[in-house]
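Single-structure report; data block below.
Values below: all heavy atoms of this structure, side chains included; hydrogens, waters and symmetry mates excluded. We count residues from 1, following the sequence as given.
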Amino acid sequence: QVQLVESGGGSVQAGGSLTLSCVISGFTYSGNCMAWFRQAPGKGREGVASIWTSGSSSTYYTASVKGRFTISQDNAKNTVYLQMNDLIPEDTAMYYCSTRVQWGCGNWASAGSYPYWGRGTQVTVSS
């Protein structure tokens, strides 16, 4: 059974930092695309960042977080991280970790292409 468990969310003031973690189990953690999505109240699920878990460990980001967020992984721990710096109120959302089997991170921001999801961790940024 595939399980993804997120942690690390919380409440911070604008300009602050948080690091989210996602531990995956029941899944071959190598050669798959891991992604972070977020969903604010009343909005759709938005792709935030993704990483290819093999070889080059290529990373991808949505424009609004480039330069502020960093996705990384620890293969030995089957864990993906999202380091979030310079947080702004617009970053407030539930953050979800996801993965899929298909090769590569092409079209990584398409939520419908991911069959496996965690339950999410809340991030709240106050001004």
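- Cluster partners of Y60 are F37, M94, Y96, W108, Y114, W117, counting Ile, Leu, Val, Met, Phe, Trp and Tyr whose side-chain heavy atoms approach within less than 4.5 Å, directly or via other members.
- Residues L4 and V123 share a hydrophobic cluster, clusters being chains of Ile/Leu/Val/Met/Phe/Trp/Tyr side chains in contact below 4.5 Å.
- Linking ILVMFWY side-chain heavy atoms closer than 4.5 Å, directly or via other members, places V101 and I51 in a single hydrophobic cluster.
- Listed by chain and residue number, N32 satisfy the side chain to side chain donor-acceptor pair (under 3.5 Å) test with T99 (two or more places apart in sequence, or in another chain).
- A heavy-atom distance below 4.5 Å is found between the side chains of Y95 and M84.
- Under the 3.5 Å distance criterion, the side-chain polar atoms of E6 are matched with a main-chain donor or acceptor of G120.
- The closest donor-acceptor contact from the side chain of T92 to the backbone of E90 lies at 3.5 Å or more, if one exists at all.
- Residue D86 comes nearest to R68 through the heavy atom pair O-NH1, 2.9 Å, listed as atom of the first residue, atom of the second, then distance.
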Only pairs under 3.5 Å count here: list side-chain donor-acceptor contacts from residues 40-49, not counting sequence neighbours, and write none if there are none.
from	atom 1	to	atom 2	distance (Å)
R45	NE	Q39	OE1	3.3
R45	NH2	Q39	OE1	3.3
E46	OE1	R38	NE	2.8
E46	OE1	R38	NH2	3.4

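- In this structure, M34 and C97 have side chains that are in contact, with non-hydrogen atoms separated by less than 4.5 Å.
- Taking the six-membered ring for Trp, Y61 and F69 have ring centres at least 6.0 Å apart.
- Of the inter-residue distances, the one linking C105 atom SG with W52 atom CH2 reads 6.5 Å to the nearest 0.5 angstrom.
- Residues Y81 and I71 are not in side-chain contact: their nearest non-hydrogen atoms beyond the backbone lie 4.5 Å or more apart.
- Checked against side chain to side chain donor-acceptor pair (under 3.5 Å), S113 has the following partners two or more places apart in sequence or in another chain: R100.
- A continuous path of Ile, Leu, Val, Met, Phe, Trp and Tyr side chains, each step under 4.5 Å between heavy atoms, connects V125 with L82, placing both in one hydrophobic cluster.
- In plain terms, the two heavy atoms of Q73 and S57 that are nearest each other are NE2-OG, 2.9 Å.
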Could you pull out every donor-acceptor pair under 3.5 Å between side chains of residues 14-21 and any protein atom, sequence neighbours left out?
from	atom 1	to	atom 2	distance (Å)
S17	OG	N85	OD1	3.0
T19	OG1	Q83	OE1	2.4

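- Pairing each heavy atom of C22 with each of W36, the nearest pair is CB-CZ2, 3.6 Å.
- Among residues two or more places apart in sequence or in another chain, the salt bridge (charged side-chain N to carboxylate O under 4.0 Å, His left out) test is passed with R119 by none.
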